[in-house]
Amino acid sequence: MNISASSALVTGGASGLGLATARRLAAAGATVVIADLPSSAGKTVADELGTRAVFAPTDVTDPEQVAAALDLAVGAAPLRVVVNCAGIGDPGRTVGKEGPLALERFRRVVEVNLVGTFNVIRLAAQRIQQTEPAGEERGVIVNTASVAAFDGQIGQAAYSASKGGIVGMTLPIARELAATLIRVVTIAPGLFATPILNGLPEEARRSLGAQVPHPSRLGDPDEYAALVEHIVANPMLNGEVIRLDGAIRMAPR
């Protein structure tokens, strides 16, 4: 699908995987709405990308904020692409030294990563359905899971559950939205050089990268963005979860 003269919404678009994706989509000719928290660098990123980008302060768990961001995209150009990159991590053992994991911590991770992703999907799909078809499709929604959905480590119960939920809902939503010519694909990244990992000491980052069979390094966010760009362009990619991980299979810890 050619997205030139279309709009795209990227959640978590102010940093990491989302930022790389926003840059790629803007370079491909889309008007990109960067939906990220008010405290993010979204405004700075939008200014950097120029007329092809706009910042929409957005908490993905808030239906009204998500709707406003999507309406901003619709107002700019036909909405064809939505990429869900917003997410959080909060590692903690089920039973740690201080007792059972606080239920609110588990709930918050699932709320942002899983419920927030579905919130964006449901509201975006409604708007994409209202566009005229571009050839044989109307649009595509790309979600971000994680290899933790399959290889969750100790302390990742909440994160793995949230990402596993994204994996699990990909096919049923793709099947449903196929009737209105909308594709749904999920990417499950491995270890990428995102702000979370970049905050670690250099030695720790090298150690993590060495765990990846090939290439033996952390992934570059632009490699994630390149896959998003290919998914958008390739109409036969639908209802699939793609591991982007250099063949890593995570150890228990």
Side-chain angles (χ1 to χ4, degrees), residues 10-24 36 40-41 83-98 100-102 105-106 108-110 112-114 116-117 142-171 185-231 234 237 240-253:
V10 181
T11 72
S15 66
L17 305 179
L19 172 58
T21 300
R23 286 173 172 158
R24 277 261 179 177
D36 212 321
S40 73
V83 186
N84 281 301
C85 291
I88 62 172
D90 183 14
R93 289 175 177 259
T94 305
V95 181
K97 294 180 179 179
E98 298 179 358
L101 182 71
R105 288 177 60 188
F106 185 97
R108 178 61 180 162
V109 173
V110 173
V112 173
N113 295 355
L114 176 56
T117 295
V142 181
N143 304 311
T144 305
S146 167
V147 295
F150 312 101
D151 312 331
Q153 296 184 297
I154 291 171
Q156 285 191 317
Y159 188 74
S160 294
S162 68
K163 296 302 188 176
I166 293 172
V167 168
M169 71 184 179
T170 298
L171 182 58
V185 178
T186 292
I187 301 173
L191 299 175
F192 272 71
T194 59
I196 293 176
L197 291 188
N198 283 339
L200 296 175
E202 176 63 25
E203 183 178 346
R205 285 189 282 123
R206 280 201 304 267
S207 175
L208 287 171
Q211 296 176 29
V212 183
H214 180 70
S216 190
R217 57 170 173 79
L218 298 179
D220 186 323
D222 190 58
E223 292 167 328
Y224 171 96
L227 180 54
V228 171
E229 190 173 32
H230 180 72
I231 290 169
N234 191 331
L237 282 172
E240 185 57 88
V241 178
I242 304 170
R243 289 186 67 134
L244 186 66
D245 60 15
I248 196 171
R249 296 298 181 267
M250 301 296 289
R253 67 183 75 196

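On a predicted model such as this, the values are computed, not experimentally measured, just so you know. Computed from heavy atoms alone, side chains included, the values below leave out hydrogens, waters and symmetry copies.
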**Request:** Please list, chain by chain and in numerical order, all residues satisfying side-chain contact (heavy atoms from CB on, under 4.5 Å) with Pro213, sequence neighbours excluded.
**Result:** Ala247, Ile248

**Item:** 4.5 Å side-chain heavy-atom contact, Pro221 and Leu19
**Value:** no

**Prompt:** How many angstroms lie between CD1 in Ile187 and OG1 in Thr170, if you round to the nearest 0.5 Å?
**Reply:** 11.0 Å

**Asked** Which value, rounded to the nearest 0.5 Å, describes the distance between Ser160 atom OG and Met250 atom CE?
**Response** 9.5 Å

**Fill in**
Correct closest heavy-atom pair for Pro195 and Gly16 would be CD-CA, 3.7 Å

**Asked** For the atom pair CG (Leu191) and CZ (Arg217), what is the distance rounded to the nearest 0.5 Å?
**Response** 12.0 Å

**Member of Asn84, Thr11, Thr186 meeting the side chain to side chain contact (heavy atoms under 4.5 Å, CB included) criterion with Thr117** = Asn84

**Message:** With a 6.0 Å cut-off (strictly less than), is the heavy-atom count around CZ of Arg249, excluding the residue itself, greater than 12?
**Reply:** yes

**Fill in**
When every non-hydrogen atom of Ala86 is compared with those of Gly12, the smallest separation belongs to CB-N, 3.8 Å

**Asked** If every non-hydrogen atom of Lys163 is compared with every non-hydrogen atom of Asn113, which pair is closest and at what distance?
**Response** CE-ND2, 4.1 Å

**Item:** Side chains of Tyr224 and Thr194 in contact at under 4.5 Å (non-hydrogen atoms)
**Value:** no

**Fill in**
The reported gap from OG in Ser162 to CD in Gln156 (rounded to nearest 0.5 angstrom) is 9.5 Å

**Message:** Distance check, rounded to the nearest 0.5 Å: Asp222 atom CG versus Arg24 atom CZ?
**Reply:** 4.0 Å

**Asked** Got Ile242 and Ile231 here, is their nearest side-chain heavy-atom distance under 4.5 Å?
**Response** yes

**Request:** Please collect all salt bridge (Lys or Arg N to Asp or Glu O under 4.0 Å) contacts where either partner lies in residues 146-156, sequence neighbours excluded, each pair once.
**Result:** Asp151-Arg243

**Prompt:** How long is the span from the CD atom in Glu229 to the CG atom in Asn234, to the nearest 0.5 Å?
**Reply:** 12.5 Å

**Item:** Considering all heavy atoms, the nearest Phe192-Asp220 contact
**Value:** CE2-O, 3.2 Å

**Prompt:** Would a 4.5 Å heavy-atom cut-off, applied to side chains only, mark Asp245 and Val212 as touching?
**Reply:** no

**Shortest non-hydrogen separation from Ile166 to Ala145 and the atoms involved** = CG2-CB, 4.2 Å

**Request:** With sequence neighbours left out, write down each residue that passes salt bridge (Lys or Arg N to Asp or Glu O under 4.0 Å) with Asp90, or none if nothing qualifies.
**Result:** Arg105

**Message:** Could you tell me if the side chain of Val241 sits less than 4.5 Å from the side chain of Phe150, heavy atoms only?
**Reply:** yes

**Fill in**
What one should report as the nearest heavy-atom pair of Leu218 and Ala193 is CB-N, 4.1 Å

